Amino acid sequence: MSVARVIVDVPSRETDRPFDYLIPPRLEGWVEVGSRVAVPFGGRTLQGIVVGLAEDASVDLKRLKELADVLDAVPPLSAELVELGEWMSRRWLCPLAISLQAMLPAALKGKTEKYITLARGAQWPADTLETYGDLKQALERHSPLKMSGLLQQFPDRADAIKKLLKAGLLEEAQKVEDRLSVRTVLTVFAPEPDALREGIAAIPARAAKQRETLEYLLAHPEPIAQQRLAEEVGTGTATIRALADKGLLELRQVEEDRDPYAGRNFPQSAPMRLTPAQAEAFAPIAGAVAERRHDVFLLHGVTGSGKTEIYLQAIQKCLDQDREAIVLVPEISLTPQMVERFKSRFGERVAVMHSRLSNGERYDEWRRIRDGRAQVAIGARSAIFAPFSRIGLIVIDEEHETSYKQEESPKYHARDVAVERARQHGAAVVLGSATPSLETYAAAIARGTAAAGARRAYAASAGEGTTALSASEDDAIRPVYVPLPERVGDRPLPGVTIVDMREELKLGNRAMFSGALADALRARLERGEQSVLLLNRRGYSTFVMCRSCGYTAQCPHCDIALTYHRGSQNLRCHYCGYAEREPSVCPSCQSPHIRFFGTGTQKVEEALSQTFPGIRVIRMDVDTTSEKGSHEKWLTQFRERRADVLLGTQMVAKGLDFPYVTLVGVLAADSALKLPDFRAPERTFQLLTQVAGRAGRHELPGEVIIQTYEPEHPSVALVRHHDYAAFTEQELGHRRKLGYPPFGRLISITLSHEQAPALIAMGQSFASKLRERASAAGLTGSNAYGAPNALEVLGPVASPIPRLKDRYRFQCMIKYRGDVDALGWTAQALQELAEAAKRTGAQISVDVDPQMML
DNA sequence: AGCACGCCGACT
DNA sequence: GTCGGCGTGCTC
């Protein structure tokens, strides 16, 4: 008998290794690397993934249990994806079970279900029967019963069931079940034409409908849904059933794909003629695809420069070779517009995956990919795991977007996974952005450019410092730089005005709209044009304070000010979801002078209506787009010009393209600048540049007005001339001085605990252990030239949000040069820490290459 | 992560 | 004297 090595679905570091199981004869032949199996594990039955097969000789067979089951006819993961999962676990220091789970559609996240049956032949003593007769009766009616169902029926009998199990009067069985519903449709299958004609001849003259039905099938022999056939023929399903009973046709339940885009027509679109600039950018990418080279490209194109058409044509090249393509877009720009462009070009060959699909819909799209019915996958972050087997191209649009980094474990970055996966397949990678992340950009500039002379466009300003990324760093991405510096049709970038709100105040304007913005809005209303307004804060007011005693409303579970929401009249914590009623007097001193400060999107909406009576505003933020399809609904309304203003948080900044938008207003450009995060300036610059790109994308010229209290901050000032290069140069200078990415790398380790003192002690002992190890390894100590240390351990310090969901948080940061093996080193240290943490009840969370410092 | 086994307080 | 609290330890 052979042996399967299984990663069980327990997301803990202690069980993060393969466990060996015997493959029983009945399952022989069904088990492969990547199979999903059910295994007995410590007294229960769990889902697991087979990561290896061994011959019996190599393992000690005596103590092995057998696999309980193989859960799918076709393994959901390929050996290649299992390998990718192992790579991810090393790269982001997370248990393999978690990496593997991330690659499966949610529908295949197996759940252990317990079933209860009456023990066969067991005699119930009279007194037991008296007390627990109702349980016995329930099980006599239906058996086996789900434990969960039984508990629902008898909520207070949990202990009783346990007792009866122990006494051997009840028995328990466990099964791993999918969270899955495959929709089936009753489908009619026609027999061979000859049989069909015989059937028609045999039908009595008065059964006209039956005859018609068979005649229809003779003309249309392909399988058809019973319902549909009945409609076509103009009869009821009874006719069809009658025919089935006679054996004249076959009726079967057939699994149906839930097509989330069913009933929508996507007019076929032909490739557009590329502009000379597009063609120049396209050439090296197409070349790499044609030659099946694993090259990575940074396609740096300003907003409106036509990157998408380049993606589409590169994908076509890839399909022509009978290879497959993955396109990642940020969740937020996975709008109908984007999907439509891909569906129009590639039709049925496109599978779409995003979070708004139900588990079932997503599973169906996933199966279309796996079964080879789709060759292009477009989706958010997790689409990088699309189960293709011959990938030729991976595109990551808006490469700089933070949503590519998953904030929960596995804390992977889809961009890095993409490059690794492409390497496995010999596929090309295109990273597209108008505002590339500094990491990608610096690496590309360091490597050089594909097109001669292109480097001039951006490179000079980036400075020599960008080469600081260590050349020996083996997992560093080194993209070929492909600039696309002009907008299609030579449309100019919109003019940008920066308004200093301090000056407005001096002029006596205390409103949230500056004179310039108010005038510009009014002009759009008069001309019937549209505007987009950005304010990156939802809710009505951002904090609540008592003017008598200084009390501020804080979340009782987090160290965070509560935000006032107008619609629901409550105060809410945006981190844990806590809500309380709006106070009318100060909860602390009962003074009526409790006031709401700070501006959120709700308040702007109100101010718009007051300032411009009759204005039609669509507000888009987390609060108005939580419903399925609402995002799409608002955008459609806006496109159809049923509103004058689209007001929202950063979700209005990305990827939208409306011809009548001629004004973009940013209400508080500096709102994110004060955050304690070294990427805050980069993010602000990116957000402002992106939102500015929403204006004037078609015939009408665009205008951008940015309100700020910090007009001279580079993140704001340099947006004025869309000066990515100048901003980048400055910012890279700062990063270099501080040893931040891309000049150094970070691993953040956050410890959390319900009690602060225990946490502080633990944090300190952990940090000093790390430091000891580092110095023992000769990694610390500044060198004689004042160059940064190879590795530094910073902290522990309280996290920027010191308490979240009733847990205190402390963090350590490991800052290191790219040529140091900090991952292996940290993994070891964590192993030790994990043991200590378990005793004290602390939680550890590791973030390799953190994107958010909060 | 759970579920077992194992040692100390409030009940029959 | 028993039921049950949840503290450590293991799971092929």
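The structure displayed is predicted, hence computed values, not measured ones. Here is the naming used below: chain letters follow the sequence lines, and residue numbers restart at 1 for every chain.
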### Query
How would you list, by chain and number, every residue that makes a ring pair (Phe, Tyr, Trp, His ring centres under 6.0 Å) with H574(A), sequence neighbours excluded?
H565(A)

## Note on the structure
One should read off an interatomic distance between R807(A) CZ and T750(A) OG1, to the nearest 0.5 angstrom, of 12.0 Å

### Query
Of all residues at least two apart in sequence or in a different chain, which pass the ring pair (Phe, Tyr, Trp, His ring centres under 6.0 Å) check with F385(A)?
Y412(A)

### Task
Report the distance from atom NZ of K162(A) to atom C1' of dA4(B), rounded to the nearest whole Å.
12 Å

### Qualifying residues under salt bridge (Lys or Arg N to Asp or Glu O under 4.0 Å), relative to R362(A), sequence neighbours excluded
none

### Query
Expressed in angstrom and rounded to an integer, what is the separation of D16(A) atom CG from dA1(B) atom C1'?
13 Å

### For F678(A), all residues meeting ring pair (Phe, Tyr, Trp, His ring centres under 6.0 Å), sequence neighbours excluded
Y740(A)

Side-chain atoms of residues 111-123 of chain A: list all donor-acceptor pairs with protein atoms under 3.5 Å, sequence neighbours left out, distances to 0.1 Å.
residue, atom, partner, partner atom, Å
T112(A), OG1, T45(A), O, 2.7
E113(A), OE2, S148(A), OG, 3.3
Y115(A), OH, E177(A), OE2, 2.5

Identify each atom pair where a protein N or O and an N or O of nucleotides 5-10 of chain B are less than 3.5 Å apart, giving names and distance.
none

### Task
Round to a whole Å and report the spacing from NZ of K114(A) to C1' of dC3(B).
8 Å

N/O to N/O distances under 3.5 Å, protein versus nucleotides 7-12 of chain C:
residue, atom, partner, partner atom, Å
dC10(C), N4, K838(A), NZ, 3.3
dT11(C), O3', G42(A), N, 3.1
dC12(C), OP1, Y21(A), OH, 3.4
dC12(C), OP1, P40(A), O, 3.1
dC12(C), OP2, K65(A), NZ, 2.5
dC12(C), O3', D20(A), O, 2.9
dC12(C), O3', K65(A), N, 2.5
dC12(C), O2, D20(A), N, 2.6
dC12(C), N4, R17(A), NH1, 2.9
dC12(C), N4, R17(A), NH2, 3.3

### Query
Between atom NZ in K111(A) and atom P in dA1(B), what is the gap in whole Å?
19 Å

### Task
Kindly write out the residues that satisfy ring pair (Phe, Tyr, Trp, His ring centres under 6.0 Å) with Y578(A), not counting sequence neighbours, or none if the list is empty.
H557(A)

### Query
Mind checking what makes salt bridge (Lys or Arg N to Asp or Glu O under 4.0 Å) contact with E627(A), not counting sequence neighbours?
none

